[in-house]
S.K.: 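Attaching a single structure in structure tokens format; questions to follow.
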Amino acid sequence: MDRIAITGGAPLKGTIPIYGAKNSALKLQAAALLPAEPLILENMPDLADTRFMSQLLRSLGVDITWIKETRTLRMHAAEIASTIAPYDQVRKMRASFNVLGPLLARVGHATVSLPGGCAIGARPVDLHLKAFEAMGADIHIEQGYVKAAALRGLRGADIEFPFVSVGATEHAMLAAVLAHGDTVLNNAAREPEIADLADCLNAMGARIEGAGESEIRIKGVTSLKGARHPVVADRIEAGTYALAVAAAGGNVLLEGARFDHLGALIKVMRAAGVEVEVDGSGLRIISANGRPDPVDFETEPFPGFPTDLQAQAMALLCVAKGASRIRETIFENRFMHAPELARLGAQIAVQGNEAVVTGVERLVGAPVMATDLRASVSLVVAGLAAEGETIVNRVYHLDRGFEGLEAKLAACGAQVQRLREEAA
Ligand code: EPZ
């Protein structure tokens, strides 16, 4: 398995381009199952997860072409060849579960493996299934598979989510666009990826209003057409590099990063003493390589602080001039980076969903590894701030969500390199 070696201490200077958002792209890919015409996605990230989704879509009958030079993915589901998403594919990547709604809406039935839990928490899909039931689908769980049928089509419904779920909001949208009649999603998630999915579906002929707000209204249509859509910039990739610059010190332009998508992070970074300014079509991060001030924050659904940036922000606060308190409210087990950060000398006390990070004067490099994507990249952020060499193992987690991580950082002066398996 590849590893990443980082020698900390070098300030970052230059420009980092921000690519399309993984967590938007995966749902947009699922949307390609809805029309018989091609869906063309621009600004696509090229990640292990998006490739994996393409592989699953191919097995369902979607013709797919990836044009690397223009970062364009063309997906054409002229006919649906299979309505089954097997265990092996859904187990490896939870977002595969999102093919259920589009298949149900287009063909009237689907058999999709339950995703199961993962390292960061149990992550059930009960809200997704309740939404489909409310739209008239028959749902049975047999031998670990969800068997869903709506042979006479889905019908619009008034759905109230008991709490905010990004996945359930998106999945319900992916089905309701082809339902008979109107659907209202109450207490919907407001993440930028939801608005991006709605923009794409509307370009395909759907009639969605209110995406980005708590109430989303969808008028069902009988069919969708092809479209061309640019994937929204990845706010988590942007936020991660912003925190990397804060940790290492330096002055970097994050090209394509959006201020309006990163408000909660920017508030925390400014409170820590980092400069964040809008610069042209991006954000400029300036950090004086001193220790940051401590900051308390808690993760929340958008527009609150994103859980997907919690680990990276914790990495920065490990060297703060005092104690920071971090509460994780979205996932029940998302502090697995804490013991790994401790290997670098961080002082973190975790109790339940709260971590108290007592800043130390310096971190010292060490071999580390993590069990999920954002936790892994937090170790890179910490490694950039640490003295000496940090080796991050299990790099395949990073490859799921960060395209060209080492190249982007190295272009800004970071001492970082991938040790390929044979050399590792
Ligand atoms: C999405 O996961 C993202 N994944 C996650 O990013 C992200 O952390 C999360 O949203 C929150 O922002 C993708 O977009 C592929 P949720 P999702 O439904 O949709 C519970 C990353 O690192 N819940 O908003 O699965 C759930 O267990 C990943 O890129 C139910 O109980 O998140 C969690 O506690 C990790 N029942 C909470 O709701 C349900 O039916 C919020 O989850 C659905 C969710």
Side-chain angles (χ1 to χ4, degrees), residues 20-31 45 47-50 52-53 56 90 92-101 112 114-134 139 141 146 159-174 185 187-197 214 231-232 234-240 261-262 264-265 298-312 327-334 336-337 353 370-378 397-403:
K22 165 183 86 88
N23 286 347
S24 202
L26 293 168
K27 325 304 165 59
L28 295 167
Q29 285 177 276
L47 300 165
D49 276 14
T50 53
F52 190 78
M53 191 64 160
L56 171 61
V90 184
K92 280 194 207 133
M93 189 190 62
R94 294 180 53 87
S96 310
F97 188 68
N98 283 286
V99 300
L100 175 59
V112 177
L114 277 168
C118 74
I120 60 176
R123 302 184 76 185
V125 287
D126 52 325
L127 301 190
H128 301 227
L129 301 184
K130 279 189 187 128
F132 299 142
E133 274 177 340
I139 307 275
I141 304 210
V146 177
I159 296 166
E160 170 92 34
F161 293 114
F163 51 88
V164 171
S165 161
V166 175
T169 303
E170 292 166 332
H171 213 168
M173 278 166 63
L174 282 165
L185 305 178
N187 199 20
R190 292 182 284 162
E191 270 66 5
E193 293 76 26
I194 308 274
D196 196 37
L197 178 60
S214 306
V231 182
V232 69
D234 195 325
R235 65 198 166 96
I236 305 302
E237 187 195 23
T240 300
H261 292 173
L262 284 162
L265 171 75
E298 67 176 38
T299 62
E300 284 171 306
F302 190 83
F305 192 97
T307 175
D308 289 348
L309 287 172
Q310 178 257 110
Q312 302 89 311
R327 267 186 73 215
E328 170 58 54
T329 74
I330 309 290
F331 292 110
E332 62 271 26
N333 189 27
R334 214 175 193 184
M336 288 157 312
H337 38 283
N353 70 347
T371 43
D372 80 272
L373 165 63
R374 312 303 177 186
S376 299
V377 84
S378 79
H397 287 300
L398 288 172
D399 293 336
R400 294 187 59 174
F402 291 92
E403 183 186 340

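These numbers come from the heavy atoms of this one structure, side chains and all, not from hydrogens, waters or symmetry mates. Only a predicted model underlies this, so the values are computations on that prediction, with no experimental measurement involved. Note that ligands are numbered from 1 as they come in the structure, with each ligand's atoms numbered from 1 the same way.
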S.K.: Which atoms of ligand 1 sit under 4.0 Å from any heavy atom of Ile120?
M.R.: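 Contacts of ligand 1 toward Ile120, numbered from 1: 35 (C).
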S.K.: Under 3.5 Å, is there a donor-acceptor pair linking the side chains of Gln312 and Thr240?
M.R.: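 Judged by distance alone, the side chains do pair up.
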S.K.: When Gln310 is tested against each of His337, Arg327, Arg374 for side chain to side chain donor-acceptor pair (under 3.5 Å), which residue passes?
M.R.: His337
S.K.: Looking only at heavy atoms, which two atoms of Pro303 and Arg190 are closest? And how far apart?
M.R.: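 What the structure gives for the nearest pair is CD-NH2, 3.5 Å.
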S.K.: Just which atoms of ligand 1 are under 4.0 Å from any heavy atom in Val125?
M.R.: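 Counting from 1, the qualifying ligand atoms are 39 (C), 40 (O).
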S.K.: Measure from atom 12 (O) of ligand 1 to every heavy atom in Val166, Asn23, Asp372 and give the option owning the shortest one.
M.R.: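 Heavy atom nearest to atom 12 (O) of ligand 1 belongs to Val166.
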S.K.: Looking at Lys27, His261, Arg235, which one forms a side chain to side chain donor-acceptor pair (under 3.5 Å) with Glu193?
M.R.: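 Per the side chain to side chain donor-acceptor pair (under 3.5 Å) rule, the option paired with Glu193 is Arg235, out of Lys27, His261, Arg235.
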S.K.: If you take the nearest heavy atom of each of Glu191, Arg374, Lys27, Arg334, which one is closest to atom 35 (C) of ligand 1?
M.R.: Arg334
S.K.: Any idea which protein heavy atom is nearest atom 11 (C) of ligand 1, and the distance to it?
M.R.: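 Scanning the protein heavy atoms, the shortest distance from atom 11 (C) of ligand 1 goes to Thr307 CG2, 3.8 Å.
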S.K.: What's the shortest distance from atom 38 (O) of ligand 1 to any protein heavy atom, and which residue and atom give it?
M.R.: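 Ranked first by proximity to atom 38 (O) of ligand 1 is Phe163 CE1, 3.3 Å.
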S.K.: Would you call Asp308-Arg334 a salt bridge at under 4.0 Å N-O?
M.R.: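 Between Arg334 and Asp308 there is a salt bridge, with a charged N closer than 4.0 Å to a carboxylate O.
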S.K.: Contact between ligand 1 and His397 is defined here as a heavy atom of the residue under 4.0 Å from a ligand atom; is it met?
M.R.: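 Outside the 4.0 Å threshold, so no.
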S.K.: Hey, what do you get for CD (Gln29) to CG (Leu56), rounding to the nearest 0.5 Å?
M.R.: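 One gets 9.5 Å once the value is rounded to the nearest 0.5 Å.
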S.K.: Quick one: does Lys22 get within less than 4.0 Å of ligand 1, heavy atoms only?
M.R.: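 It does; at least one heavy atom falls under 4.0 Å.
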S.K.: Nearest heavy atom to atom 39 (C) of ligand 1: which of Pro124, Pro306, Ser165 does it belong to?
M.R.: Pro124
S.K.: Would you mind checking which non-hydrogen protein atom is closest to atom 36 (N) of ligand 1, with the distance to 0.1 Å?
M.R.: Asp126 OD1, 2.6 Å
S.K.: Counting each atom of ligand 1 from 1 as listed, which ones have a heavy atom of His128 under 4.0 Å away?
M.R.: 40 (O)
S.K.: Closest non-hydrogen protein atom to atom 34 (O) of ligand 1, residue and atom name please, with distance?
M.R.: Ile330 O, 2.6 Å
S.K.: Please indicate whether any nitrogen or oxygen in Ala95 is less than 3.5 Å from any nitrogen or oxygen in ligand 1.
M.R.: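 Such a contact does not occur with ligand 1.
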S.K.: Judged on heavy-atom distance to atom 5 (C) of ligand 1, which of Leu129, Asp308, Val377 sits nearest?
M.R.: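 Checking each option, the heavy atom nearest atom 5 (C) of ligand 1 is found in Asp308.
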S.K.: Return the residue, atom name and 0.1 Å-rounded distance of the protein heavy atom closest to atom 25 (O) of ligand 1.
M.R.: Arg123 NH2, 2.9 Å
S.K.: To the nearest 0.5 Å, what is the distance between OG1 on Thr299 and CZ on Phe331?
M.R.: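 The CZ atom of Phe331 is 9.0 Å from OG1 of Thr299, to the nearest 0.5 Å.
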S.K.: If every non-hydrogen atom of Ile159 is compared with every non-hydrogen atom of Ala131, which pair is closest and at what distance?
M.R.: CD1-O, 3.8 Å
S.K.: Which atoms of ligand 1 sit under 4.0 Å from any heavy atom of Leu127?
M.R.: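 With Leu127 as reference, the close atoms of ligand 1 come out as 36 (N), 39 (C), 40 (O).
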S.K.: Over all heavy atoms of both residues, which pair between Ser96 and Val90 is shortest? Give the atoms and the distance, please.
M.R.: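 Between these two residues, the closest heavy atoms are CB-CA, 3.9 Å.
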S.K.: At less than 4.0 angstrom from any non-hydrogen atom of Gly167, what atoms of ligand 1 do you find?
M.R.: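 Listed by number with element, the hits are 18 (O), 19 (O).
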S.K.: In the protein, what heavy atom is nearest to atom 26 (C) of ligand 1, and what distance, to one decimal place, separates them?
M.R.: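 Checked against all protein heavy atoms, atom 26 (C) of ligand 1 sits closest to Phe331 CE2, 4.1 Å.
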S.K.: Between Asn187 and Glu160 (side chain of the first, backbone of the second, donor and acceptor by atom type, cut-off under 3.5 Å), is there such a pair?
M.R.: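 Answer holds: no.
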S.K.: How about Thr307 and Glu328: does a side-chain donor come under 3.5 Å of a side-chain acceptor?
M.R.: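 Side-chain D/A pair, Thr307 to Glu328: present.
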